[in-house]
Amino acid sequence: MTPRETSAADASGALQADAQVRSSIDVPPDLVMGLLGSADENLRALERTLNADLHVRGNTVTLSGEPADVALAERAVSELIAIVAARQPLTPEVVRHSVAMLAGTGDESPAEVLTLDILARRGKTIRPKTLNQKRYVDAIDANTIVFGVGPAGTGKTYLAMAKAVHALQSKQVSRIILTRPAVEAGERLGFLPGTLSEKIDPYLRPLYDALYDMMDPELVPKLMSAGVIEVAPLAYMRGRAQPVFTKVLTPSGFRPIGELMVGDYVIGSDGQPTEILGVHPQGFKEIYRIYTQDRSSTLASGDHLWSVYTRSDRRRGKPARVLQTKEMIGNLRAAHYRRYELPLLSAPVAFAARAVPLHPYALGLLLGDGCLTCATTPSFATNDPELAEALGRLIPGIEVRRKSAVDYILNRIRRPGGPTTRANPVTAALRQLDLAGTRSDTKFVPRNYLLNSPDVRLAVLQGLLDSDGGPVTQQARTCRIQFTTVSDRLRDDVIFLVQSLGGVVYPRTRPAAGRAPGLAGGREVRHRYDSHILDIRLPEGLVPFRLQRKAAKYDAARGARPMRFIDRIEPAGTEEAVCIQVAAEDSLYVTEDFLLTHNTLNSAFIVLDEAQNTTAEQMKMFLTRLGFGSKIVVTGDITQIDLPGGARSGLRSAIDILDNVDDIHIAELTSVDVVRHRLVSEIVDAYARHEEPGSGTNRAARRASSARSRR
């Protein structure tokens with residue numbers, strides 16, 4: 001074998017001979033073929049890359065040349081032998097990348113870099129092939145958000161997807177989301193033929209191809225249908241939304257989600273206020289109404305996210321899984337059971353404490369069995385003297401006088417010398433609360449009691465249940481709490497109280513029409529109003545009764561854990577929608593009927609490809625969707641921006657803004673890291689030299705500028 005001639009640095013042959021050194025390396029006989037390659041292709045790649053002369057005889061490699069060149073050649077051959085010894089295939093490309101690593105400024109070992117396995121399937125192993133790729137992969141492990149920036153062919157997206165699949169298989173995350181903007185040079189989706197899916201799929205095809213290359217083809221459709229893997233255009237990532245008029249619970253009560261702004265507060269799953277970090281308008285979207293088995297409901301888009309448990313999740317103590325609305329449609333039953341259970345408030349909603357004119361337990365008793373017309377002295381009817389005594393203790397300035405076996409008058413205590421025109425304390429409080437003059441069908445719980453501290457709300461509920469409610473027991477069944485009223489408004493207020501404390505209410509109505517009349521003193525009394533019966537389940541630790549006989553019965557039977565299951569999902573038309581992001585650790589917030597929902601991406605590995613074609617607003621929206629336990633990798637080439645109108649790339653903006661933020665890493669790959677055909681690297685370098693004056697500008701703008709210059 002003839003060594004490649006080296007350029008002479010000195011005209012004198014004697015001086016040149018004095019400057020050269022020789023060295024030899026013995027290769028283990030079983031590794032010689034792997035080192036040299038088929039038809040000595042690896043040896044020829046080494047000769048082209050190194051300045052030292054190489055001779056191979058048997059299993060001995062002889063190196064000659066200047067000391068620095070021989071030293072580099074020795075390291076290169078030793079590293080290549082280590083790679084072959086690790087049973088890794090050696091190719092001319094691997095040779096080229098190994099020498100480039102050794103010639104660089106770092107001290108990394110090519111054998112360590114090129115033998116790092118990320119993912120293996122059916123004999124094919126995915127691993128970094130250059131030093132920068134190794135650093136990129138390490139950065140993904142060490143940081144929550146990584147930007148991979150570099151030219152085409154450097155493996156940015158492929159390695160990120162390999163890390164995503166590995167994270168899913170090792171159960172580090174529960175889902176993978178792959179996305180890219182559907183923007184290309186000179187094309188508009190609206191003018192392309194076919195359905196929306198047929199228009200979008202070509203933009204996502206590289207992601208699909210890489211996914212099928214890394215996983216069993218039979219498994220991918222199953223994981224996608226189950227929502228474990230999602231491949232979608234970036235615009236669809238914004239779609240997890242609710243209609244703008246949907247109510248969301250805030251510290252001041254329910255408000256339309258469309259009125260909320262960044263910096264406002266909503267109520268989280270722990271009952272505490274949580275800040276809104278992002279508000280993202282969605283335009284008009286297909287909306288569905290989600291019903292639970294307790295007749296609660298709310299509205300959300302088809303790709304809105306829900307935390308749900310299955311029976312097996314509960315049995316095995318597994319955390320909630322996150323599913324989209326559309327993923328649950330048609331899959332709501334498992335045998336005769338409802339499949340998906342929604343989480344409930346882990347603690348009562350912590351509204352701020354407010355001063356009230358009447359003790360909350362006393363108000364609950366009066367709403368249940370009191371006469372509130374104020375046309376006469378207030379009265380109270382009960383079979384339990386214990387309740388009448390409680391009113392006397394809790395309302396200052398009144399005396400409870402027994403009129404009959406069940407009737408009590410709430411008289412004002414008159415003091416000698418005191419004013420005779422002062423109103424009865426109960427009457428004064430009822431007027432202040434706008435309850436004066438209400439009757440059985442118009443009673444309600446005043447707002448400053450509904451939006452008060454948990455202790456106040458529980459006391460009101462206890463008063464209502466002690467007067468007009470009670471425990472209901474059945475053989476072989478757990479105890480439930482039942483409350484009855486003929487007031488539509490009081491029914492809704494009791495539901496609010498129970499749900500705000502973390503409980504569940506099952507309402508039903510008995511129409512007045514057709515019901516058999518009751519008896520009062522031997523005479524028939526016909527029903528004038530529909531009767532609302534509420535079956536209530538409260539969380540463990542909340543005491544629903546103060547009346548001793550009811551409390552003893554409830555304690556003996558005990559109530560079951562309150563649960564909420566999704567019962568059905570129905571289309572609800574098209575509405576203007578918006579999505580919000582909250583600061584709560586579990587990303588949950590309270591929407592209509594105290595249902596818990598969320599729209600950020602927890603426990604997910606998210607890859608945004610071709611990010612140079614995002615706008616700054618899109619990039620901010622995407623990054624703020626990050627949930628807890630998730631990881632984001634953003635890849636792109638800032639020299640290939642195709643945004644229309646010369647818009648600034650969101651990728652470039654994000655790099656400038658987030659460069660020094662902790663736990664965010666920016667990995668830069670260059671033409672040296674191109675792992676495609678050798679010419680790709682040279683093409684990238686050639687274009688970089690040609691476009692250098694405007695290499696950071698929008699490619700669409702450069703095309704428009706060149707077109708104008710040709711005119």
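- Interatomic distance, L345 CG to L595 CG, rounded to the nearest 0.5 Å: 10.0 Å.
- Within 6.0 Å of the NE2 atom in H532, the count of heavy atoms belonging to other residues, nucleotides or ligands exceeds 12.
- Surrounding CZ of R510 are at most 12 heavy atoms belonging to other residues, nucleotides or ligands under 6.0 Å away.
- Ionic pairing of D493 and K443 is not present here: no N-O contact between side-chain nitrogen and carboxylate oxygen is shorter than 4.0 angstrom.
- Taking OG1 of T442 as the reference point, atom CG of L490 lies at 10.0 Å (rounded to 0.5 Å).
- Between L305 and Q324 there is a side-chain heavy-atom pair separated by less than 4.5 Å.
- When each of R564, R315, R314, R311 is paired with E341, the salt bridge (Lys or Arg N to Asp or Glu O under 4.0 Å) condition holds for R314 and for no other.
- Looking only at atom types and distance, the side chain of S487 has no donor-acceptor partner in the side chain of T485 under 3.5 Å away.
- The line from CD of Q462 to CG of L497 is 11.0 Å long, rounded to the nearest 0.5 Å.
- Note that CG of L299 is 10.5 Å distant from NE2 of H304, once rounded to the nearest 0.5 Å.
- For the side-chain contact (heavy atoms from CB on, under 4.5 Å) with P360, the qualifying choice from V460, D455, L461 is V460, the only one to do so.
- Residues L342 and V308 form a side-chain contact, since some pair of their non-hydrogen atoms from C-beta on lies under 4.5 Å apart.
- Residues F594 and F254 place their aromatic rings such that the two centres sit under 6.0 Å apart.
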Before you tell me yes or no, could you show the steps for D609 and T157 under side chain to side chain donor-acceptor pair (under 3.5 Å), namely the whole-Å CA-CA distance, both residues' side-chain angles and the distance that decides it to 0.1 Å? CA-CA 6 Å; D609 188 30; T157 305; 2.5 Å; yes
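- Using a 4.5 Å heavy-atom threshold, the side chains of I536 and P544 count as separate.
- Within 6.0 Å of the CZ atom in R439, the count of heavy atoms belonging to other residues, nucleotides or ligands does not exceed 12.
- Atom CG in L534 sits 8.5 Å away from atom CD in Q482 (nearest 0.5 Å).
- Contact check for I290 versus M328: no side-chain heavy atoms found under the 4.5 Å cut-off.
- Every pair passing side chain to side chain donor-acceptor pair (under 3.5 Å) that includes a residue from residues 253-276 is listed here, sequence neighbours excluded: S269-D586.
- A 4.5 Å side-chain heavy-atom check between T179 and L207 finds every atom pair outside the cut-off.
- A heavy-atom distance below 4.5 Å is not found between the side chains of F483 and V505.
- Using a 4.5 Å heavy-atom cutoff, the side chains of L367 and Y449 are not in contact.
- Checking side-chain atoms of D567 against main-chain N and O of Y291 turns up no donor-acceptor pair under 3.5 Å.
- Annotation: the span from R339 atom CZ to L332 atom CG amounts to 8.5 Å, rounded to 0.5 Å.
- Around atom CD of E540, no more than 12 heavy atoms belonging to other residues, nucleotides or ligands sit under 6.0 Å away.
- Because its NZ or CZ atom is both nearer than 6.0 Å to the ring centre of Y361 and within 45° of the ring axis, R546 counts as a cation-pi partner of that residue.
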